[in-house]
Amino acid sequence: MSDLPLTASDLTGHSLRLETLVRLRWLAVVGQTVAVFVVRFGLGFPLPMVFCLSLVGLSAALNIALGLRYPASLRLRGGAAFWLLAYDVLQLGGLLFLTGGLDNPFAILLLVPVIVSATTLAPRPTMLLGLLVVATASILVIEHLPLPWYPGERLTIPLIYSVGVWFALVSACAFTGTYAFRVTEEARQLARALNATEMVLAREHHLSALDGLAAAAAHELGTPLATIALVAKELERELPPDSPHAEDFALLKSQAQRCRDILTKLTSLSSELDHPHTRQPLSHLIEELAEPYREFAVAIAVAEPIGAGAEPTGRRNPAIIQGLANLIENAVDFAREEVTIGTEWDQTSVAVTIADDGPGFAPGILERIGEPYVTTRGRTADDRADHEAGGLGLGLFIAKTILERTGARLTMGNRERPDSGAIVKVSWPRRLFDAEPEESGSQAAEPAWRSENEPL
């Protein structure tokens, strides 16, 4: 129990803090001690004091040992919590055996560990505790010491009454356990939904802020880019036809124009989303996305499509184009020699896969991929020198967010060995990808926050 790591079940509420159990047991210790002394010295009923106080002292010793050995904030998973609660059932069963069994009014306290488990643990340990309570109660119906009573007298309880108490205890155990679990599970589901909603709102806030920054950047960079293009054109005219720098100036002009085209897209993206566009086959979309990057040193390979049935044909959605372009640019930025773009489809889904042969995603951050300002790739010293301004994760964050707005689901991870590099898969339901403009627009309005970032 010393090194119990947190798991997914712990984060969703299926765990119990050690301090909670310790405090409940101290409360039981105090209550049991007071009850024993009141019965013996207050009412004058004879009872085996040594054995009763030994069982109470055992609980106190267990609490002291747990407090000294483990931190109070330790969260117990199903197994450890079950055994501690099972001890409470057996300890109380021992006290009831010494003081009249189910004829003792305090037998109802056997339900407490089951209720605690139902509100904090998973169904399996709760059901096991319920069975333990039923077994303990069954033994106490038959085997127990007499109920403490006035000296020289004996209170005889009919067996049928004890059996009735047993049925009532078992029924209460089943009902209260089920009810407590259902109420708590609904609260957990509501908490998870609220948490997911808060995450979506936070991401939308980040994206809205980036929209404003993009518009400002487009406005401020327009004039410098126009100046660069003009100066490059004038210098190109001054060069002799056979100059070795002619090709460099031509490349400079084309890249300056590409920057201006990108800024134009940033300023017009929101209005283009609502404008009806012509429909476009998936293969044409991929070729259009790959074409601007063919001039780079990294090769762009479009794999043979894998499809069943007719090729998907969707409307020309600027959000899809911009999102996929960001993913391809990210792959080109980190690839060593080649980026591969693959497509596949069937009757229910459409998928685009982008893989590179670079260093891949750094270990330990796959769960945070897609968050803004998070470095998403491992870099060598040379890589960091060439990408001093990169690594913020903004491009991947923007791509992920706007693609999810279209109903896409993104899965990200690293390629399987011996291959190296990252792989990103973007998939849509076929009905969304093939939808007419008005249908697609209505679907895209629903945020797809249920998507996951998981290794492929």
Side-chain angles (χ1 to χ4, degrees), residues 1 9 13-18 20-33 35-36 47-48 51-52 54-60 62-63 66 76-148 157-185:
M1 280 170 37
S9 63
H14 288 176
S15 62
L16 180 61
R17 204 164 58 144
L18 178 62
T20 302
L21 273 183
V22 169
R23 288 183 176 181
L24 288 175
R25 190 174 291 114
W26 278 125
L27 183 62
V29 167
V30 173
Q32 291 168 0
T33 304
V36 168
L47 75 165
F51 292 106
C52 291
S54 297
L55 286 174
V56 176
L58 183 61
S59 293
L62 177 60
N63 264 6
L66 290 175
L76 304 173
R77 293 173 294 176
F82 165 78
W83 287 114
L84 289 177
L85 290 172
Y87 163 80
D88 292 330
V89 173
L90 296 176
Q91 188 264 357
L92 181 57
L95 282 176
L96 291 174
F97 172 81
L98 296 172
T99 56
L102 294 189
D103 298 339
N104 190 320
F106 290 102
I108 192 66
L109 294 177
L110 285 171
L111 298 177
V112 173
V114 177
I115 297 174
V116 172
S117 177
T119 55
T120 55
L121 303 180
R124 183 178 179 183
T126 302
M127 288 188 291
L128 291 176
L129 276 174
L131 293 175
L132 181 61
V133 168
V134 172
T136 303
S138 301
I139 295 174
L140 291 175
V141 171
I142 304 172
E143 297 291 337
H144 59 82
L145 297 182
L147 182 69
I157 304 295
L159 179 61
I160 190 171
Y161 178 83
S162 299
V163 173
V165 172
W166 180 87
F167 274 108
L169 191 64
V170 171
S171 301
C173 181
F175 176 78
T176 56
T178 303
Y179 179 79
F181 175 78
R182 289 306 310 160
V183 171
T184 308
E185 185 64 22

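Just so we're clear, the structure is a prediction, and the values are computed from it rather than from any experiment. Index from 1, following the sequence.
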- Who are the side-chain contact (heavy atoms from CB on, under 4.5 Å) partners of Ser54, not counting sequence neighbours? Val50
- Query: Closest heavy-atom contact between Leu140 and Gly93?
  - Reply: CD2-O, 3.7 Å
- Query: To the nearest 0.5 Å, how far apart are CG in Leu84 and CG in Leu66?
  - Reply: 6.0 Å
- Taking every heavy atom of Leu121 against every heavy atom of Ala81, the minimum-distance pair comes out as CD1-CB, 3.7 Å
- Sorted by chain and residue number, the side-chain contact (heavy atoms from CB on, under 4.5 Å) partners of Val112 (sequence neighbours excluded) come out as Leu109, Val116
- Item | Partners meeting side-chain contact (heavy atoms from CB on, under 4.5 Å) with Ala35 (sequence neighbours left out) | none
- Query: Under a 4.5 Å cut-off applied to non-hydrogen side-chain atoms, are Leu21 and Leu16 in contact?
  - Reply: yes
- So how far is it from Leu147 CG to Leu96 CG, rounded to the nearest 0.5 Å? 10.5 Å
- Query: If you take all heavy atoms of Leu111 and Ala172, which pair is closest and at what distance?
  - Reply: CD1-CB, 3.7 Å
- Point-to-point distance, once rounded to the nearest 0.5 Å, from CZ of Phe82 to CG of Leu76: 13.5 Å
- With sequence neighbours excluded, residues passing side chain to side chain donor-acceptor pair (under 3.5 Å) with Arg124: none
- Message: Within this structure, what is the CG-CG distance for the pair Leu145 and Asn104, rounded to the nearest 0.5 Å?
- Response: 11.5 Å
- Message: Working to the nearest 0.5 angstrom, can you tell me the gap between His144 NE2 and Thr99 OG1?
- Response: 10.0 Å
- Message: If the condition is side chain to side chain donor-acceptor pair (under 3.5 Å), which residues does Ser138 pass it with, not counting sequence neighbours?
- Response: Trp166
- Listed partners of Leu55 passing side-chain contact (heavy atoms from CB on, under 4.5 Å), at least two apart: Gln91, Leu95, Leu98
- Task: Scan for side-chain hydrogen bond (donor to acceptor under 3.5 Å, both in side chains) pairs involving residues 107-117, sequence neighbours excluded, and state none if there are none.
- Result: Ser117-Thr126
- Considering only heavy atoms from C-beta outward, does the side chain of Ser59 approach that of Tyr87 to under 4.5 Å? yes
- Query: Among all residues two or more places apart in sequence or in another chain, which pass the side chain to side chain donor-acceptor pair (under 3.5 Å) test with Tyr179?
  - Reply: none
- Partner set under side chain to side chain donor-acceptor pair (under 3.5 Å) for Arg182, not counting sequence neighbours: none
- Nearest heavy-atom contact between Ala60 and Val29 is N-CG2, 4.0 Å
- Query: With a 4.5 Å heavy-atom cut-off, do Val141 and Val165 have their side chains touching?
  - Reply: no
- Contacts satisfying salt bridge (Lys or Arg N to Asp or Glu O under 4.0 Å) that involve residues 84-108 (not counting sequence neighbours) are Arg25-Asp88
- Task: To the nearest 0.5 angstrom, please state how far the CD1 atom of Ile115 sits from the CG atom of Leu110.
- Result: 11.0 Å
- Message: Is any side-chain heavy atom of Leu85 closer than 4.5 Å to one of Leu132?
- Response: no
- Query: Do you know which two heavy atoms are closest between Gly177 and Ala118, and how far apart they sit?
  - Reply: O-CB, 3.4 Å
- Task: Using a cut-off of 6.0 Å, state whether more than 12 heavy atoms not belonging to Phe51 lie near its atom CZ.
- Result: no
- Query: At their closest point, which heavy atom of Gly130 faces which heavy atom of Cys173, and how far apart are they?
  - Reply: CA-SG, 3.9 Å
